[in-house]
Amino acid sequence: MATWSERLAGVRGVLLDISGVLYDSGAGGGVPIPGSVEAVARLKQSQLKVRFCTNESQRSRGKLVGLLQRLGFDISEGEVTAPAPAACQILKERGLRPHLLIHDEIRSEFDKIDTSNPNCVVIADACDAFSYKNMNKAFQVLMELENPVLISLGKGRYYKETSGLMLDVGAYMKALEYACGVEAEVVGKPSPEFFQSALQVMGVEAHQAIMIGDDIVGDVGGAQRCGMRALQVRTGKFRPSDEHHPEVKADGYVDNLAEAVDLLLQHLDK
């Protein structure tokens, strides 16, 4: 494998996943991953451009940022690329009226969206709202449409909380795809458009950016398909088998965000 100097050459922008990289969610909001608060501060004090790129869909962007600030992170709402605002933009542009199967904590993101007489379904990490009744209602809405549209805020298989691994939206998205014979439109990682929107705001080209995440498919694979480099941290949802994934190979594996930042700053402009 190439040296770290070769792998990190020319990096000008850093995209950071949030859950599993900065903190683990859980009771009381969650806990920072050791060293991550300081690592973010060091990145933001450097000449590198930094943006947070998350598939979080249990909290609105404002509530997520508020939580992270309480945990000690230097972060503002304008620095976060999240799927709910992006989905709202798509709904408005296409005149779509969604049936929402989402977590109550992000309903405020859709306050200005017309949800009468739905002509599509939007699904997110609804957590305990993923009941048979609610899944069946989403199924019925899709089956009644001549041209069904299913929009999913991410497609993750699982994520990590302090209490252990938790099923993510991707499992429920796949159930609706199978039952309805449709293919979901994914808003969030690993969608190329999602990564590109973050890069555009940062003002860097894909080859100048690196993604740091805990998801070998959504974070690493998605970023690499956009022409970015990607590091996987051994925190969050990381599993040892990820380092031997049959399709995706990270540009490097690090124990945590602190180690990743050490390497980035060590090889900056080298």
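Taking all atoms of both residues into account, the shortest heavy-atom contact from Q224 to D251 is NE2-OD2, 3.0 Å. Considering every non-hydrogen atom in both V122 and I102, the closest pair reads O-CG2, 4.0 Å. What you find for L145 and C120 is that their closest heavy atoms are CD1-N, 3.8 Å. Annotation for E259 and N256: closest pair N-OD1, 2.9 Å, computed over non-hydrogen atoms. A pairwise comparison of heavy atoms in S36 and V21 identifies CB-O, 3.9 Å as the closest pair. Between V169 and L153, the shortest heavy-atom distance links the atoms CG1-O, 3.6 Å.
For the atom pair NZ of K137 and CG of L142, the computed distance is 11.0 Å after rounding to the nearest 0.5 Å. Here Y172 contributes atom OH and L167 contributes atom CG; the two are 4.5 Å apart, rounded to the nearest 0.5 Å. The CG atom of D219 sits 10.5 Å away from the CG atom of L16 when rounded to the nearest 0.5 Å. Atom CG of L96 is separated from atom CD1 of I90 by 9.0 Å, given to the nearest 0.5 angstrom. Note: D74 CG to L68 CG = 11.0 Å, rounded to the nearest 0.5 Å. Atom CG of residue D125 and atom CG of residue N55 lie 10.0 Å apart, to the nearest 0.5 angstrom.
By the 4.5 Å heavy-atom criterion applied to side chains, L165 and R239 are counted as neighbours. Here the side chains of L265 and L48 are in contact, with some heavy-atom distance below 4.5 Å. Proximity of S116 to R97: side-chain heavy atoms (C-beta onward) are separated by under 4.5 Å at one or more points. Put simply, the side chain of L15 reaches to within 4.5 Å of the side chain of M202, judged on heavy atoms. At least one side-chain heavy atom of I151 sits less than 4.5 Å from a side-chain heavy atom of L91. Counting heavy atoms from C-beta on, the side chains of V80 and E56 never come closer than 4.5 Å. Looking only at side-chain heavy atoms (C-beta outward), I123 and L176 come within less than 4.5 Å of each other. With contacts defined as side-chain heavy-atom distances shorter than 4.5 Å, the pair S60/S108 qualifies.
The hydrophobic clustering, which links ILVMFWY residues whose side-chain heavy atoms are closer than 4.5 Å, places V254 and V50 together. Transitive grouping of hydrophobic side chains (ILVMFWY, heavy atoms separated by less than 4.5 Å) brings V233 and W4 into a common cluster. No chain of hydrophobic side-chain contacts below 4.5 Å, direct or via other Ile, Leu, Val, Met, Phe, Trp or Tyr residues, connects V186 to V149. Clustering ILVMFWY residues whenever any of their side-chain heavy atoms sit less than 4.5 angstrom apart, transitively, puts L231 in the very cluster that holds I18. Two different hydrophobic clusters hold L101 and I113 under the rule that ILVMFWY side chains link at heavy-atom gaps under 4.5 Å.
Within 6.0 Å of atom CG in D111, more than 12 heavy atoms from other residues, nucleotides or ligands are found, so the atom counts as buried in its surroundings. Counting non-hydrogen atoms of other residues, nucleotides and ligands closer than 6.0 Å to CD of Q200 gives a total of 12 or fewer. Around atom CZ of R157, no more than 12 heavy atoms belonging to other residues, nucleotides or ligands sit under 6.0 Å away. More than 12 heavy atoms of other residues, nucleotides or ligands sit less than 6.0 Å from atom CD of E243.
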Show your working on side-chain contact (heavy atoms from CB on, under 4.5 Å) between C180 and L150 and close with a plain yes or no.
CA-CA 10 Å; C180 301; L150 172 61; over 6 Å; no
Could you please spell out the steps behind the side-chain contact (heavy atoms from CB on, under 4.5 Å) verdict for L67 and F73?
CA-CA 9 Å; L67 167 64; F73 289 98; over 6 Å; no
Step by step, would you call F194 with T81 a side-chain contact (heavy atoms from CB on, under 4.5 Å)?
CA-CA 8 Å; F194 194 67; T81 296; 3.6 Å; yes
Can F195 and M211 be said to form a side-chain contact (heavy atoms from CB on, under 4.5 Å), step by step?
CA-CA 10 Å; F195 283 112; M211 176 76 200; 3.9 Å; yes
Apply side-chain hydrogen bond (donor to acceptor under 3.5 Å, both in side chains) to E93 and Q89, showing your working.
CA-CA 6 Å; E93 289 173 355; Q89 185 64 31; 3.0 Å; yes
Run the salt bridge (charged side-chain N to carboxylate O under 4.0 Å, His left out) test on D242 and R234 for me, step by step, so that the C-alpha distance in whole Å, both residues' side-chain angles and the decisive distance to 0.1 Å come before the verdict.
CA-CA 9 Å; D242 291 345; R234 298 186 181 98; over 6 Å; no
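Using a distance-only test at 3.5 Å, with no hydrogens or angles considered, no donor-acceptor pair links the side chain of E185 to the main chain of V187. Proximity of a side-chain donor or acceptor of R229 to a complementary backbone N or O of H207 within less than 3.5 Å is detected. Between the Q69 side chain and the I75 main chain, a donor and an acceptor come within less than 3.5 Å of each other. For the pair D168 (side chain) and Y159 (backbone), a donor-acceptor distance under 3.5 Å is absent. Using a distance-only test at 3.5 Å, with no hydrogens or angles considered, no donor-acceptor pair links the side chain of Q208 to the main chain of R12. When atom types are taken as modelled, the side chain of K237 and the backbone of Y158 share a donor-acceptor pair closer than 3.5 angstrom.
The only member of N119, V141, N117 that meets side-chain contact (heavy atoms from CB on, under 4.5 Å) when paired with H99 is V141. Screening K49, K44, R61 against E79 for a salt bridge (charged side-chain N to carboxylate O under 4.0 Å, His left out) leaves a single residue, K44.
Considering only residues two or more places apart in sequence or on other chains, R107 meets the salt bridge (Lys or Arg N to Asp or Glu O under 4.0 Å) condition with D104.
Remark: K189 engages D17 in a salt bridge, criterion side-chain N to carboxylate O under 4.0 Å. Between D24 and K160 there is a salt bridge, since a side-chain N of the basic residue sits under 4.0 Å from a carboxylate O of the acidic one.
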